[in-house]
Structures are given as C-alpha cells and as structure tokens.
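Atom set for the values below is all heavy atoms of this structure, side chains included, hydrogens, waters and symmetry mates excluded. A quick note: this is a predicted structure, and the numbers were derived from the prediction, not measured. Each chain gets a letter, A, B and so on, in the order its sequence line appears, and its residues count up from 1.
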Number of protein chains: 2
Amino acid sequence: MIADRGLAGLKTRDLAREIGCANGAVYNLVADVDELILRVGSRTLHRLDQALSAVESGEPSPQATLVRIALAYCDFAAENLELWRALFEHRMDPDKPLPDWSIDDQLQLFRHVYQPLAALFPQRSREELGITARSLFSAVHGMVALGLEQKLVAVPLPALRKEIAGLVRAMIDGLIARAA
Amino acid sequence: MIADRGLAGLKTRDLAREIGCANGAVYNLVADVDELILRVGSRTLHRLDQALSAVESGEPSPQATLVRIALAYCDFAAENLELWRALFEHRMDPDKPLPDWSIDDQLQLFRHVYQPLAALFPQRSREELGITARSLFSAVHGMVALGLEQKLVAVPLPALRKEIAGLVRAMIDGLIARAA
DNA sequence: AATATTGATTGAACGATGTTCAAGTTTGTT
DNA sequence: AACAAACTTGAACATCGTTCAATCAATATT
C-alpha cells in the first residue's frame, strides 16, 4: 500500500480490508503503525542493500565502483520511489526511540561507500573514513532526493544520473587532490 | 508553533486558542493547513535567502563564497531546525498543485549558488550552470539533512561544518580539474 | 468425550484532528 | 435607525489510529 499510495495513503482500515481481517486485528501483528512502517522500511533497506551489493563485483577502480554505487542508489530510488521516500519521510514521536534493529539496518548502508573509500585512502583512520563515507552518501542522497522531487522542476532521470556521476567523480578527484 | 513543536505539532485548535479565536475562524485567514504551512515556508525561505545573501559580500574568490554559502545554509538549518525541516517534510495532495508564489520562493535559492559558479565557469551555458548549481545545492542539502537527523548517530555541528567545507571544496576542485 | 483454558477475532466505541456551516454578532453604509 | 455585508462562533461531520469487552476457535486437560 505504501508502494502505490505513499506513506500518507496507508490507512489501517484499508490495510485490514486488503488482508481480510477486522481493523482491530492489525494490532496482533504489529504494535503501532510506526512499527509497521519501520518493518516495511527494513525490507526496503535490505532490497536496497542487495541492489548496491550487485554493482560492487569485480570492478577495476574504487572510483568507478563509487560512481556505480551512486547510480544504483539513484536507480533504486527512482524504481521504488514511494518505498524509498517512506524511509526518510517517516518521523517517530520524539519520546519513542527507534528500535535497535532499525538503526542497524540503516548503518549497514554506509558500508558500501566505506569499502571503496578505504581502498582509495589507505592512510586514513577508520573514523575519518566513516565520516567521509557518510558525507559522500549524504551528498548523493541529497541529489537524488531533490532530483526526484516533483515539487520543483522535475529532472529527467538520465540527466539526473549524468549529474550524479559527474559530481561524484568531481568529489573523489577533489578528495584525492587534497590528500596529496 | 511549527518552530517549537514541529510540523506534526501544528494543530488548528491549538493555533486558534493561541491567537485567541474559535477554531473555525482560522479558515478566514487561510484556506487550508496546507496554505498555512506554505505561507510559513515562504517566510522561512525569505529569511534563509537573507542569511545566504549576508555572506556573499566582498568575497575574494568564488570558491570561498560557495563554501561560506554552504556553511550559512548549514547554520541556518541548525538554528531553525523545525522550520527548515517543514520546508521539505510537507507534502501536498498529489492533485493539489503548488501555488506559483511558492514555487518562485524555492527557485530563488539556487541563485546564490548560480552566481559564484558562473564566475568560476564563464564558458558554460546558462542551462549547464543551472543544473550544476542545483546539484551542488542538493549535495550540500543532503549533508545537512542527514547530518542534523537524530535518527542515526547525531553529528556534532562543528564536525558537520568541517565536513561540508571539505566536501564543497573537493567538489569545486574536482569540477575545475574536469573542466580543464 | 466432555470440559476448561488459552488465544485470536471482531466490530463497536473513543479521542484526536481537519473542515464545514448555520446561527449569532459585529461593522459599515445609507 | 435600518439594513446589508462580513466576520465569528462553536457545534457537528468525516476520517483517522487505537482500545477493548465480547465472541469464537482451537488446544489442552481431565
């Protein structure tokens, strides 16, 4: 339901009707809609993880791998738009903290960026690499997020991919030049 | 109310009580909560615009200006966290389109990135520059958005500023190197 | 086999929330 | 003073997530 109606289109009554039970029965499977959304998010993150892993195989240069990962992220977001958006649009009540399994899911993502980065900058510490990996990931995420937004001018997907590839290469080149 | 309770904490009844009128009277000032949020967003965007303009004065190099703009964006987001989040968290019904004045507000933002970029790459066309400006802006936005997120590990603001400055410089260096 | 216990299922009900609207009140004009 | 226009009110409506007493089914126990 999230996939084709968006997070806002998820209603417990519709959901109950679709799976064939009374609306109250939803709460035997799940404590909250919050938990429901988190569990859907967990599946989405795992599929995203697989999509990113699929492009890491046998690549010559770490640079090329990073570009391919960024493009794979973009493609996944475009092909799973609503599910991907649900990962970031959803906000918990400030007092209810995220369960640990959900936090773990999210941290796994940076791993994909971390490894090629570690190959590029072997002299850097684990912390430095972790921070840079997060920054790089965030930058690409921002480009995808605003690029796929309908709010402003919609960017055609091929143009967005080209921009992402260009800017990722520029970022890596710049990082290498600064390290030298 | 958005500023200190967040978008989700904005309730028409609370609002009516706070401004001293009946809950129905809110709809004489505004057609929707959507419009209300958009109007608050407009104010936020104008203040953001001013904050970015304030760092553009008499700067030597376009590079330094771009870094300062990125940091100013980060600082504004940190100091106006909930209002800034409201700009991006809010989603309209898919059938109700954004009013023109709201779209204009948002497009103005890219102007700040466009001008220093045009100084750096005078040979590029207006379209190319516009696209690159949007990409650069989006990348910084992504770093700020995920950096200020409490969901994952909270990043201390000084560390985030350092990361943004570093990656912006790297991106610009990379763009220049590729242009050569 | 008969009964008791446990657990799932139901759907009505509650509270919160955005929105509407008939009725009442104020304000402005002639 | 009399009328019209506009504003204000607060009750009512629809739609949510969520709860829960009652019912039902299944399983365990005697």
Shortest non-hydrogen contact from A:Arg111 toward A:Ser53: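 It is NH2-OG, 4.1 Å.
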> Which residues satisfy the side chain to side chain contact (heavy atoms under 4.5 Å, CB included) test with B:Pro97, sequence neighbours excluded?
Replying inline: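 Checked B:Pro97 against side chain to side chain contact (heavy atoms under 4.5 Å, CB included); zero matches.
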Scan residues 20-31 of chain B against DNA chain D and write down, sorted by residue number, each residue with any heavy atom closer than 4.0 Å; if none is found, say none.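 When residues 20-31 of chain B is checked for heavy atoms under 4.0 Å from DNA chain D, the hits, listed by number, are B:Cys21, B:Ala22, B:Asn23, B:Gly24, B:Ala25, B:Asn28.
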N/O donor to acceptor pairs below 3.5 angstrom from side-chain atoms of residues 168-179 of chain A, sequence neighbours left out:
{"unit_1": "A:Asp173", "atom_1": "OD2", "unit_2": "B:Arg178", "atom_2": "NE", "d": "3.2"}
{"unit_1": "A:Asp173", "atom_1": "OD2", "unit_2": "B:Arg178", "atom_2": "NH2", "d": "3.1"}
{"unit_1": "A:Arg178", "atom_1": "NE", "unit_2": "B:Asp173", "atom_2": "OD2", "d": "3.2"}
{"unit_1": "A:Arg178", "atom_1": "NH2", "unit_2": "B:Asp173", "atom_2": "OD2", "d": "3.0"}

**Report entry** Selection: residues 3-14 of chain B, any non-hydrogen atom under 4.0 Å of DNA chain C
**Finding:**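 Only B:Leu10, B:Lys11, B:Thr12, B:Arg13 qualify.
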Whole angstrom value for the distance that separates [atom2] of [N] from [atom1] of [X]:
X: A:Ile19; N: C:dT9; atom1: CD1; atom2: C1'; result: 12 Å
X: A:Arg17; N: C:dG11; atom1: CZ; atom2: P; result: 13 Å
X: A:Glu35; N: D:dG17; atom1: CD; atom2: P; result: 15 Å
X: A:Leu15; N: C:dT9; atom1: CG; atom2: P; result: 14 Å

Practice task
Write out all pairs satisfying ring pair (Phe, Tyr, Trp, His ring centres under 6.0 Å) with one or both partners inside residues 111-136 of chain A, taking only residues at least two apart or from two chains.
Solution key: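 Residue pairs with at least one partner in residues 111-136 of chain A: there are none.
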Who are the ring pair (Phe, Tyr, Trp, His ring centres under 6.0 Å) partners of A:Phe76, not counting sequence neighbours?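 With sequence neighbours excluded, A:Phe76 shows a ring pair (Phe, Tyr, Trp, His ring centres under 6.0 Å) to no residue whatsoever.
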*Can you list the residues that meet the salt bridge (charged side-chain N to carboxylate O under 4.0 Å, His left out) rule with A:Glu163, with sequence neighbours excluded?*
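Salt bridge (charged side-chain N to carboxylate O under 4.0 Å, His left out) list for A:Glu163, sorted by chain: empty.
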With sequence neighbours excluded, tell me which residues meet salt bridge (charged side-chain N to carboxylate O under 4.0 Å, His left out) with A:Glu127.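 With neighbours one apart ignored, the set is empty.
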Less than 3.5 Å apart, which donor and acceptor atoms pair up between the side chains of residues 9-34 of chain B and the rest of the protein, not counting sequence neighbours?
{"unit_1": "B:Lys11", "atom_1": "NZ", "unit_2": "B:Ala8", "atom_2": "O", "d": "3.3"}
{"unit_1": "B:Asp14", "atom_1": "OD1", "unit_2": "B:Arg17", "atom_2": "NH2", "d": "2.9"}
{"unit_1": "B:Asp32", "atom_1": "OD2", "unit_2": "B:Lys96", "atom_2": "NZ", "d": "2.6"}
{"unit_1": "B:Asp34", "atom_1": "OD1", "unit_2": "B:His90", "atom_2": "NE2", "d": "3.2"}
{"unit_1": "B:Asp34", "atom_1": "OD2", "unit_2": "B:Lys96", "atom_2": "NZ", "d": "2.8"}

